[in-house]
Amino acid sequence: MKVGLFFGSFNPIHVGHLIIANHMATHTDLDKVWMVVSPQNPLKPKKTLARDFDRLHLVRLGIGDNPRIEASNVEFNLPKPSYTIDTLAFLTEKYPDKTFALIMGGDNIASLHLWKNYEQLLANFDIYVYQRPGTELGPLATHPRVKVLEAPLLDISATYIRECIRKGQSVRYLVPEPVFEYLKDNTLYKV
Ligand code: ATP
């Protein structure tokens, strides 16, 4: 089974994330997509980052009942800050029957040469890249392990959603309905 890992802070998850996850799970040879929730980095200010388990809960609510997409909290218990190469090493050992691949936006492939052990990443894992407007993919996009896909994109971000919530503005339809309902009745992102 081939699993694509889609890393993010998902603070909170929004429909832009889910469109990408579903596209990768249905338009490629990936059997599944795991949305890997990045834990709080103890070295970084966490003023606007919701607690790990709140974000994980929202990712689960957002995915709903979809056999091809799952939420993963694997990085919560790994040393922090978590480096992708270390998470992949851990997952490869834990799930020897699965093949792991990475999913990332064009902005990330352009700066992949700055990641820890990026040569090792490219040598061992396929990378599925979705184009983002206004970003050059850079030279690594032509690497044989890299597959560039055209996926439908929405011009929304978690930052925008947090701003709306803080100002008391509606985020209906920008986040999946169960996430909207949860946020409506919760203090998350309101202060
Ligand atoms: P923030 O605004 O807080 O930085 P974000 O919405 O960009 O958050 P992340 O959780 O950091 O979300 O995103 C996870 C991954 O999804 C990142 O690689 C990011 O580039 C990508 N992503 C975020 N929003 C979109 C979108 N609307 N379309 C496609 N990809 C997106």
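Read the numbers this way: they start at 1 and go in the same order the structure lists the ligands and their atoms. Computation of the quantities below employed the complete heavy-atom set of this structure, encompassing side-chain atoms and omitting hydrogens, waters and symmetry-equivalent molecules.
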A student checking ligand 1 against Leu154 at a 4.0 Å heavy-atom cut-off should list atoms 26 (C), 27 (N), 28 (N)

Identity and distance of the protein heavy atom lying nearest atom 3 (O) of ligand 1: Arg162 NH1, 3.0 Å

For Glu163, is there an ion pair with Arg166 - N to carboxylate O distance below 4.0 angstrom? no

Does Gln169 have more than 12 heavy atoms from other residues, nucleotides or ligands lying within 6.0 Å of its CD? yes

Which one of Phe7, Phe6, Tyr95 satisfies the ring pair (Phe, Tyr, Trp, His ring centres under 6.0 Å) criterion with Trp34? Tyr95

Side chain Arg145, main chain Ala123, donor-acceptor under 3.5 Å: yes

Output yes when the distance from some N or O of ligand 1 to some N or O of Phe10 is under 3.5 Å, and no in every other case. yes

Check Asp31 with Lys2, please: is the shortest side-chain N to carboxylate O separation under 4.0 Å? no

Considering heavy atoms of the protein only, find what lies nearest to atom 11 (O) of ligand 1 and give residue, atom and distance to 0.1 Å. Ser9 OG, 3.6 Å

Identify, by atom number and element, the atoms of ligand 1 in contact range of Leu153, meaning under 4.0 Å from any of its heavy atoms. 28 (N), 29 (C)

Mind checking whether His57 and Tyr182 have ring centres under 6.0 Å apart? yes

Quick one: does ligand 1 sit under 4.0 Å from the side chain of His17, the backbone, both or neither, non-hydrogen atoms only? side chain

Is the His23 ring parallel, tilted or perpendicular to the His27 ring (thresholds 30°, 60°)? parallel

Within the structure, is a non-hydrogen atom of Phe6 found at a distance of less than 4.0 Å from ligand 1? yes

Using side-chain hydrogen bond (donor to acceptor under 3.5 Å, both in side chains), reason through Tyr128 and Asp29 one step at a time and then give a plain yes or no. CA-CA 10 Å; Tyr128 294 72; Asp29 64 340; 2.5 Å; yes

Within ligand 1, which atoms have a heavy atom of Phe7 less than 4.0 Å away? 14 (C), 15 (C)

For atom 20 (O) of ligand 1, the protein heavy atom that lies nearest, with its residue and separation: Arg132 NH1, 2.6 Å

Atom indices of ligand 1, in the order listed, that fall short of 4.0 Å to a heavy atom of Gly8: 10 (O), 14 (C)

What residue and heavy atom of the protein are closest to atom 7 (O) of ligand 1, and at what distance? Ser157 CB, 4.5 Å

Might you confirm whether atom CG of Asp97 has over 12 heavy atoms from other residues, nucleotides or ligands at distances under 6.0 Å? yes

With backbone taken as N, CA, C and O and side chain as the heavy atoms from C-beta onward, which portion of Tyr130 lies under 4.0 Å from ligand 1: side chain, backbone, both, or neither? side chain

Considering non-hydrogen atoms of the protein only, which is the closest contact for atom 8 (O) of ligand 1, and what is the distance? Ala158 CB, 3.4 Å

Under-4.0 Å heavy-atom contact with ligand 1, by part of Asp155 that carries it: neither

Determine whether the aromatic ring centres of Phe53 and Phe76 lie less than 6.0 Å apart. yes

Any protein heavy atom lying closer than 4.0 Å to atom 30 (N) of ligand 1? yes

Asp155 versus Tyr160, side-chain donor and acceptor atoms under 3.5 Å: no

At under 4.0 Å between heavy atoms, which part of Asn108 makes contact with ligand 1: side chain, backbone, both or neither? side chain

Is Gly105 close to ligand 1, meaning an N/O of one under 3.5 Å from an N/O of the other? no

Heavy-atom proximity to atom 1 (P) of ligand 1, picking from Leu174, Ile20, Thr159, Val36, points to Thr159

